[in-house]
Each structure stands twice: as structure tokens, then as C-alpha cells.
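Below is one structure, written out as C-alpha cells; comments come after it.
None of these values were measured; they are calculated from a predicted model.
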Amino acid sequence: MDYAKAFSQALQNLKDEGRYRVFADIRRNRGLFPAARQFMPDGSRAITVWCSNDYLGMAQHPAVLAAMHEALDTAGAGSGGTRNISGTSHYHVELEAELADLHGKEAALVFTSAYVANDTTLATLQRLLPGSVIFSDEKNHASMIAGIRHGGGDKRIWRNNDLKDLEAKLRQVGCDVPKIIAFESIYSMDGLMAPIAGICDLAEKYNALTYLDEVHAVGMYGARGGGLAERDGVMQRVDIINGTLAKGFGIMGGYIAASADLCDAIRSYAPGFIFTTSLAPAIAAGAVASIRHLKTSQAERELHQERARTLKSRLKASGLPVMDNPSHIVPVLVGDPVLCKRITDALLDRFAIYVQPINYPTVPRGTERLRLTPTPQHSDADIDRLVAALRALWTEMGMPFEGQQAQAAE
């Protein structure tokens with residue numbers, strides 16, 4: 001076996017498909033986001049970031065930074081180990097209490113990322129519920145798919161947000177069989193929203209647990225930032241909520257919120273929790289500060305929604321192919337991995353605008369896209385520069401504008 005050749009060929013395959021990704025070397029500028037600096041062999045320059053999942057800019061918020069500085073000065077850098085040994089601190093206990101309160105649940109359990117939370121919890125649930133069947137939305141995140149596979153149990157895939165298809169599949173399984181319906185509130189690449197109430201209706205009818213990934217909604221929707229389930233008034237009907245501290249809240253880490261016994265069972269049985277060093281105290285403290293602020297402040301959410309609406313409107317008015325959705329996600333369809341990479345390279349190299357291409361396996365082949373993430377900190381001038389740059393590149397590369405596509409279809 002020529003190991004070096006195998007690795008080299010694997011990389012070449014990605015490059016041939018146009019899917020090989022190059023990470024930009026950037027540093028965010030405290031207090032000036034979305035401004036950042038890009039570092040290159042011959043120096044550095046100012047750029048504007050348009051692909052950060054720090055949706056509300058909370059990683060720059062003074063209250064968050066102050067809490068992290070205080071925790072660092074008080075407790076030091078690391079957590080000391082896994083939660084089972086010496087890695088549980090007062091900061092972790094406070095954080096889980098804040099999260100349980102945010103979602104109206106008895107308890108919460110913090111993980112090092114929402115990916116780990118999904119993977120670990122969904123796999124462990126299948127071991128705790130022998131013979132269970134998981135009903136997974138076809139657009140579920142890779143972390144949910146991984147957890148379902150690692151659990152090794154029976155699974156059924158239902159069409160995205162299709163209640164009729166979900167009920168047809170639930171009907172095939174006996175009421176006495178344990179069932180888990182796993183879905184997301186906002187699907188991050190299309191920006192589509194789940195009919196949470198309708199899914200809860202079916203769960204109650206067919207005696208199923210509901211497992212809701214609110215990663216792209218926590219902090220962003222609801223009166224206190226509890227997510228889409230809070231906004232829709234159905235939070236209490238959802239059994240298990242998964243969320244992240246790394247997007248709307250601007251820090252890092254993931255969690256589940258549910259009943260006390262369920263969280264305790266996951267804590268006691270899940271390898272991904274038991275054998276992983278816990279979050280650093282400063283990270284937990286920053287997350288607590290962010291959650292507390294967004295429980296009472298509407299300003300960030302309101303301005304963020306306005307910025308998303310404005311960007312979508314400007315892109316559509318310019319004839320750029322924005323994919324319609326009701327959320328804050330702004331996907332612009334390209335449909336070709338090579339073109340997608342050429343556009344994002346040109347945006348950075350020529351216009352100092354940082355956007356990463358989105359391609360397979362994140363989205364299906366043929367649906368490659370730009371995924372733009374406006375924040376409250378993006379100005380009208382930032383939007384003007386982005387739209388002008390995209391229009392210029394669409395023209396240069398001979399890509400059709402929306403009006404031209406409609407005329408061609410006729």
C-alpha cells in the first residue's frame with residue numbers, strides 16, 4: 001500500500017471536483033466586527049467577513065468579554081479534566097441552569113460542541129431505549145445523522161418538513177415501539193423552518209419523543225432567545241432541545257435541555273460526555289453572560305432581522321438568485337462547485353470580502369451556493385459593496401441574473 005499516494009489522490013479528487021477548500025488566515029478585530037485582517041506571505045490587509053455564524057456579534061459584546069476576563073483571572077485557563085473527574089466547575093453549573101431556564105426544562109447538559117451533543121445524545125438514546133426507531137428529517141445536520149448511525153438502531157428518513165410523509169412512516173410502526181422524531185427548527189443551508197407544532201401533534205398521536213435541533217435559532221428567535229419553539233409557543237411540547245453556544249450566543253460549546261432524568265441518563269451513559277474534557281471556565285462564563293443579555297435584550301434580534309431582510313431585498317432587486325426562505329439565512333444559488341470557488345476566491349482577492357463556498361457534502365451536488373450571514377454590525381455601505389461585487393462577478397462569469405433566467409424559461 002502506497003499510503004502517501006492514497007492521501008495525495010484523495011486530495012486531488014477534491015481539487016478535480018472543485019471542492020478543495022482553502023482556509024483564509026484571518027483575525028477578527030475586537031469591537032470592529034465584521035472587519036477583520038487577512039494575513040498573507042507579503043503582509044496583511046483589512047477585509048469584511050460575510051460568512052460568520054456569530055450571527056449577532058455577541059463574541060464582541062462588552063458584557064461577554066468582561067465575564068470571560070473575570071473568569072480567567074478568577075479560575076485560570078483550563079477546566080481541569082472531564083466532568084466526571086475534576087472538570088465540573090461553578091461556571092458549568094451556572095451555565096446549565098441558565099440553559100434549562102431558557103428552554104423551560106428541568107435540566108440541561110453542556111457538551112464541547114453541538115455536534116458532539118447531537119452525535120452522543122442520539123446514539124445514547126437508542127441504547128437507553130432498546131428497539132427504538134428514529135424518524136429523521138432528510139435535511140438533518142451531519143451530526144444528527146452521525147448520532148443516528150452510531151446508535152445502530154432502526155431509522156426511517158422522511159421528506160423535509162412533510163407532515164404527511166412523517167405520519168405515513170409513523171403509522172407503519174406499532175404504538176408500543178419506542179420512537180424518536182429528530183428534526184431541526186431552521187435548516188441552515190436552505191433557511192427553511194420546521195412546522196414544530198404539527199410535528200408535536202404527530203408525536204403525541206403516535207407516542208413518540210421529539211428531538212429538536214435549535215442550533216440556528218437559539219438566541220435569534222423568541223422573546224428571550226429560546227429559539228423557534230419559543231417563538232411558536234410550543235417549547236413545552238418538545239421533549240429534547242439541542243442547541244449551540246457558538247452561533248447566536250457567539251462563544252463555543254453545545255448542549256441539550258430536557259427532563260432531569262433524561263439529562264442525567266445521558267450524563268451517566270454517553271461516552272462523548274464522559275470521556276471529554278469540559279469547556280474552559282472562561283468559555284462557560286462568557287456563554288452565561290451572552291445568554292443572560294439576550295434573555296432581556298431585543299435590540300440585537302430586531303436589528304439582525306432587519307439586516308437580513310435588507311440584504312435579501314437588495315440581492316433580489318439586483319437579479320441575483322437568492323433562495324427564498326422565511327429565516328435569516330441568505331443563500332445565493334450557484335449550482336457549480338468550480339464556479340462557486342471562483343466567485344469566493346475573487347470576492348476575497350479583488351474585493352476584500354470573505355465568503356466561503358458551500359458545496360457537497362454540506363449541500364447536494366448541483367446546489368452549490370454562497371451562504372451569506374448578515375449581522376447587526378453590517379452597515380448599508382457593507383451591503384452596497386457586497387451586492388456590487390456579486391453583480392460584477394455574475395456579469396464577468398456569464399452567469400444569468402434572475403430576469404434572464406425567467407426569460408430563458410419562457
Side-chain angles (χ1 to χ4, degrees), residues 26-34 36 52-103 105-117 120 214-215 218-220 224-227 241-257 260 263-264 266-267 270 272-297 299-301 375-377:
I26 68 170
R27 183 189 67 207
R28 297 172 67 169
N29 298 330
R30 175 180 169 175
L32 297 176
F33 185 73
S52 173
N53 279 339
D54 181 9
Y55 291 133
L56 301 177
M58 290 302 294
Q60 306 285 312
H61 196 281
V64 172
L65 299 178
M68 296 184 77
H69 279 294
E70 183 181 2
L72 187 63
D73 292 338
T74 300
S79 68
T82 68
R83 295 281 297 275
N84 279 22
I85 297 177
S86 61
T88 295
S89 71
H90 182 61
Y91 299 97
H92 298 100
V93 175
E94 276 192 312
L95 176 55
E96 289 173 344
E98 286 292 338
L99 291 166
D101 173 75
L102 176 68
H103 293 291
K105 301 299 182 189
E106 293 178 343
L109 191 64
V110 172
F111 295 78
T112 49
S113 73
Y115 189 108
V116 174
T120 297
E214 287 262 41
V215 160
V218 289
M220 313 286 293
R224 300 197 308 156
I241 293 175
N242 166 277
T244 186
L245 305 170
K247 294 181 172 63
F249 297 123
I251 317 296
M252 71 169 290
Y255 63 89
I256 60 168
C263 287
D264 200 15
I266 299 298
R267 180 189 70 85
F273 177 87
I274 294 169
F275 298 104
T276 300
T277 296
S278 62
L279 293 175
I283 291 173
V288 168
S290 183
I291 295 164
R292 285 177 178 169
H293 175 81
L294 289 172
K295 280 180 177 178
T296 60
S297 174
E300 291 83 5
R301 283 189 283 276
T375 70
Q377 293 77 25

*asked:* Could you tell me if R83 and S278 have a donor-acceptor pair between their side chains, going purely by distance under 3.5 Å?
replied: no

*Plane angle bin for H293 and H61 - parallel if under 30°, tilted between 30 and 60°, otherwise perpendicular*: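 Plane angle between 30° and 60°, so tilted.
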
_With a 6.0 Å cut-off on the ring centroids, do F273 and F111 count as close?_
yes

Is the shortest heavy-atom distance from the side chain of [X] to the side chain of [Y] under 4.5 Å?
X: L56; Y: T375; answer: no
X: R292; Y: R224; answer: no
X: I256; Y: K105; answer: no
X: T82; Y: I274; answer: no

*Check step by step if side chain to side chain contact (heavy atoms under 4.5 Å, CB included) holds for L95 and H92.*
CA-CA 5 Å; L95 176 55; H92 298 100; 5.6 Å; no

_List the residues meeting side-chain hydrogen bond (donor to acceptor under 3.5 Å, both in side chains) with T276, not counting sequence neighbours, and say none if there are none._
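Testing T276 for side-chain hydrogen bond (donor to acceptor under 3.5 Å, both in side chains), a comparison that skips the adjacent residues, returns none.
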
Are the side chain of [X] and the backbone N or O of [Y] linked by a donor-acceptor pair below 3.5 Å?
X: S79; Y: T277; value: no
X: H69; Y: A66; value: no
X: K295; Y: E98; value: yes

*Criterion side chain to side chain contact (heavy atoms under 4.5 Å, CB included) on F249 and L294, from CA distance to verdict*: CA-CA 8 Å; F249 297 123; L294 289 172; 3.6 Å; yes

Closest non-hydrogen atom pair, [X] against [Y]:
X: A289; Y: A67; answer: CB-CB, 3.7 Å
X: G243; Y: A114; answer: O-CB, 3.7 Å
X: G248; Y: Y55; answer: N-CD1, 4.2 Å
X: R301; Y: S297; answer: NH2-O, 3.2 Å
X: A71; Y: A282; answer: CB-CA, 3.8 Å
X: Q377; Y: P34; answer: O-CD, 3.5 Å

*Any chance you could lay out the side chain to side chain contact (heavy atoms under 4.5 Å, CB included) test for L279 and I251, step after step, and finish with the verdict?*
CA-CA 11 Å; L279 293 175; I251 317 296; over 6 Å; no

*Does NZ or CZ of R28 lie under 6.0 Å from the centre of the six-membered ring of F33, at an angle within 45° of the ring axis?*
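Yes, a cation-pi geometry.
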
Can you tell me how far [atom2] of [Y] sits from [atom1] of [X], rounded to the nearest 0.5 angstrom?
X: I266; Y: T120; atom1: CD1; atom2: OG1; result: 8.5 Å
X: N53; Y: T244; atom1: CG; atom2: OG1; result: 9.0 Å
X: L102; Y: I241; atom1: CG; atom2: CD1; result: 8.0 Å
X: E70; Y: M68; atom1: CD; atom2: CE; result: 12.5 Å
X: D54; Y: M252; atom1: CG; atom2: CE; result: 13.5 Å

*Taking it one step at a time, do K247 and V215 satisfy side chain to side chain contact (heavy atoms under 4.5 Å, CB included)?*
CA-CA 7 Å; K247 294 181 172 63; V215 160; 3.6 Å; yes

